[in-house]
Amino acid sequence: MVKETSLIDEIVSLCKRRGFVFQSSEIYGGINGFFDYGPLGVELRRNIKDAWWEDMVRKRDDMVGLDSGIIMNPKVWQASGHVDGFSDPMVDCRESKIRYRADQLLAADVRVEGDSLGWICLLEAVSMQDDAEKIAESMKRKASKQGKLESITLRPFDELSSEERSLVPSPATGTVGALTEPRDFNMMFETNVGALRDASSVAYLRPETAQGIFTNFKNIVDTGRVKIPFGIAQIGKAFRNEITPRNFIFRSREFEQMEIEYFIPPDEDLWTQHHRNWIETRLAWFGSIGLKSDFLGEEVHPSEKLAHYAKACTDITFKFPFGEHELEGIAARGNFDLNQHQQHSGKNLEFFDEIRKERYLPHVIEPSLGVDRTFLAVICAAYNIDEVEGEKRTVLRFHPRVAPIKAGVFPLVKNKPELVDRARKLYYRLQRKWNVIYDQSGAIGRRYRRIDEVGVPFGITIDFETIEGDGSITLRDRDSTKQQRFSEDELIYYLDDKINP
RNA sequence: GCGGGCAUAGUUUAGUGGUAAAACCCCAGCCUUCCAAGCUGGUGUCCUCGGUUCGAUCCCGAGUGCCCGCACCA
């Protein structure tokens with residue numbers, strides 16, 4: 001599945017047809033970058049989140065959970081760098097349609113003894129000063145200008161005056177005046193807290209859940225009986241006003257994150273080991289929800305592309321039909337965030353290590369995962385069209401652990417009351433443990449195919465052997481389409497083993 | 001944000017300046033002893049608003065959404 005644009009379209013259609021994902025506010029024409037999850041979608045999401053919470057929080061001794069609010073004191077976002085970092089002014093070239101970050105676009109006036117030969121413009125690069133001087137020299141030669149070239153001072157485009165900007169040529173086409181004024185793109189959604197709407201009431205919808213963890217670090221240390229190393233986990237909605245939401249639910253403006261901040265001692269030699277541990281832990285977890293290793297990849301961020309506070313960042317990627325993209329980022333963030341919050345809040349956030357008898361600001365490893373991306377990955381990995389006895393069937397091979405519906409219960413035919421009653425009784429028994437469905441309409445084969453398409457791993461059929469013979473029940477496996485017979489108790493034991501491994 | 005394409009039933013698509021079709025799906029009923037059998041019936045503001053026109057789903061304009069490319073993704 002390298003580049004097959006129709007595959008993702010088929011998956012989008014299936015998601016709508018079977019009630020996994022709907023476009024938000026569809027009856028009003030939709031709204032770009034927002035989605036709703038239907039009856040099956042909400043089950044799948046819950047199962048993904050529950051599996052994560054179960055494995056990352058409840059089954060570990062070194063993790064605790066948190067649920068912080070979406071709206072926080074706006075100072076949080078000043079401390080975290082999001083208020084500034086989110087508003088990179090952008091410049092467009094009207095001719096080439098290429099967009100630049102204004103602070104990465106450098107310009108200088110080329111002057112010879114007081115006379116301007118015109119402006120030059122180039123992109124931020126290691127060699128930009130040398131390049132600029134070479135260009136200036138050649139401009140001087142072409143202009144056949146005598147005299148001494150003044151030294152070239154490159155300045156970011158957004159620091160020039162408006163008149164100066166109008167003299168700068170586009171780096172793509174060389175045309176003066178093709179560049180637009182810098183425009184702000186702030187990715188945080190703003191709102192107002194309180195009845196008065198003024199500058200002092202502005203607040204933001206969180207663009208990540210992580211900051212709620214950092215701001216509660218002291219509370220948890222003071223109350224939670226935790227010892228470093230330990231982690232705080234949170235699942236919650238986050239909002240980013242993306243310029244261009246794309247690829248279905250892969251990049252949307254409202255999404256849900258599952259984030260961990262794992263606090264470790266500040267020793268220089270410790271973090272690599274913890275970082276690697278988390279990458280392995282997370283890869284294994286993806287396997288446990290049915291994302292096979294041949295769909296997964298690891299992408300190490302090159303050091304020059306890292307944010308200035310990050311020591312390392314490794315993405316776990318998934319091979320989507322539209323390309324291989326990030327599912328989860330596992331970053332080593334040092335103590336940047338706690339340090340920022342300590343400075344901005346004026347509160348001491350140091351941890352007292354009882355064993356070492358010292359106080360320090362712990363460093364963190366941050367495994368940060370998108371629920372919606374995981375959801376899409378699970379559906380893409382599960383989506384299959386195969387042939388059974390010459391007939392095509394669409395089947396979602398969900399791992400039983402995340403499958404929205406665990407089993408379908410069927411009487412072989414519906415016009416025999418004994419079959420129907422027995423099937424209903426079993427249905428009500430299974431319903432107490434799992435999300436199961438009952439279906440008696442149409443031929444049995446049609447019912448099997450119908451549950452295949454929504455990824456139900458098991459079909460359970462009450463037939464004449466059940467009511468007239470040894471009482472055994474047929475279990476039909478979604479992936480192999482093979483049937484096995486079980487007693488009712490064996491059946492429940494078998495299902496439990498598969499669904500909760 | 002820019003450029004290009006697209007918008008008809010739940011889905012995939014046909015079609016027309018004069019009251020809109022097919023297949024599949026779905027729902028109800030009949031039938032049915034093991035992988036989409038069959039029969040009957042049911043389910044539509046042709047994306048929205050405005051314009052041209054006697055009349056617009058079709059032509060024009062704007063908006064919205066989707067897809068592709070560019071750029072962006074702290």
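Lettering follows sequence order; numbering is per chain, from 1.
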*Spacing between A/Asp9 atom CG and B/A7 atom P, to the nearest angstrom*: 14 Å
_Atom P, compared across B/G42 and B/G51: separation rounded to whole Å_ = 38 Å
*Contact class for A/Leu412 (heavy atom, under 4.0 Å): base, sugar-phosphate, or nothing?*
base
*Between A/Asn241 (CG) and B/C73 (P), how many Å, whole number?*
15 Å
*Rounded to whole angstroms, how far apart are CD on A/Gln440 and C1' on B/C31?*
14 Å
*What is the distance from CD1 of A/Ile8 to C1' of B/C68, rounded to the nearest Å?*
14 Å
_With no hydrogens and no angle check, just 3.5 Å: does a side-chain donor-acceptor pair link A/Ser441 and A/Asp439?_
yes
*Which of the following nucleotides, B/A37, B/G10, B/A74, is nearest to the side chain of A/Ala443?*
B/A37
*Between atom CZ in A/Arg446 and atom P in B/C24, what is the gap in whole Å?*
10 Å
_For A/Phe217 and A/Phe263, I'd like to know if the aromatic rings sit close, meaning centre-to-centre distance below 6.0 Å._
yes
*Looking for any heavy atom pair under 4.0 Å, which part of the strands does A/Phe34 touch: base, sugar-phosphate only, or nothing?*
nothing
*Indicate, with a heavy-atom threshold strictly under 4.0 Å, whether A/Lys16 touches base, sugar-phosphate, or nothing.*
sugar-phosphate
*Say you pick atom C1' in B/C60 and the same atom in B/U52; how far apart are they, in whole Å?*
7 Å
*Would you find a donor on one side and an acceptor on the other, under 3.5 Å apart, between the side chain of A/Gln342 and the backbone of A/Leu349?*
yes
_Check this for me: does the side-chain of A/Gln483 come within 3.5 Å of the base of B/C34 through a donor and an acceptor?_
yes
*Ignoring the backbone of A/Arg240, work out which of B/C25, B/C34, B/A74 is nearest its side chain.*
B/A74
*Parallel, tilted or perpendicular: ring planes of A/Phe20 versus A/Phe375, cut at 30 and 60 degrees*: perpendicular
*asked:* Using the P atom as the point on both nucleotides, what is the distance between B/G4 and B/U19, in whole Å?
replied: 35 Å
*Can you check the A/Lys416 NZ to B/C34 P distance for me, whole Å?*
12 Å
*RNA chain B: A/Arg450 or A/Asn415, which has the more 5' nearest nucleotide?*
A/Arg450
_Shortest side-chain distance from A/Lys414, nucleotide among B/A74, B/U12, B/C31_ = B/C31
*Any chance the rings of A/Phe320 and A/Phe250 have centres within less than 6.0 Å?*
yes
*Separation of atom CG in A/Asn247 from atom C1' in B/C68, rounded to whole Å*: 11 Å
*Using the C1' atoms only, state how far B/U11 lies from B/G17, rounded to an integer number of Å.*
29 Å
*Between A/Tyr448 and A/Gly33, which has a closest nucleotide on RNA chain B that is more 5'?*
A/Tyr448
*Evaluate the side-chain hydrogen bond (donor to acceptor under 3.5 Å, both in side chains) criterion for residues A/Glu43 and A/Tyr37: first the C-alpha distance (whole Å), next the side-chain angles of each, then the deciding distance (0.1 Å), finally the verdict.*
CA-CA 9 Å; A/Glu43 295 290 340; A/Tyr37 289 86; over 6 Å; no
*Closest nucleotide among B/U11, B/C34, B/U32 to the A/Ile444 side chain*: B/C34
*In which ranges does RNA chain B form stems of 3 or more consecutive Watson-Crick or G-U pairs, distances under 3.5 Å?*
B:1-7 with B:64-70, B:10-13 with B:21-24, B:26-30 with B:38-42, B:47-51 with B:59-63
*Can you say whether the rings of A/Phe318 and A/Phe295 are parallel (under 30°), tilted (30 to 60°) or perpendicular (over 60°)?*
parallel
*Which part of the nucleic acid, if any, lies within reach of A/Thr481 when heavy atoms closer than 4.0 Å are counted: base, sugar-phosphate only, or nothing?*
base
*Please give, in whole Å, the distance from B/U32 P to A/Arg447 CZ?*
13 Å
*Is A/Arg206 reaching over with its side chain to a backbone N or O of A/Lys237, donor-acceptor style, under 3.5 angstrom?*
yes
_Is it the case that the base of B/C35 and the side chain of A/Arg476 share a donor-acceptor contact (distance under 3.5 Å, atom types as modelled)?_
yes
*Between the side-chain atoms of A/Arg449 and the base atoms of B/C35, is any donor-acceptor pair under 3.5 Å?*
yes
*From the options B/C66, B/U32, B/A74, select the nucleotide whose nearest atom is closest to the side chain of A/Pro207.*
B/A74
*Indicate the ring-plane relationship of A/Phe34 and A/Phe189, choosing parallel, tilted or perpendicular according to the 30° and 60° boundaries.*
tilted
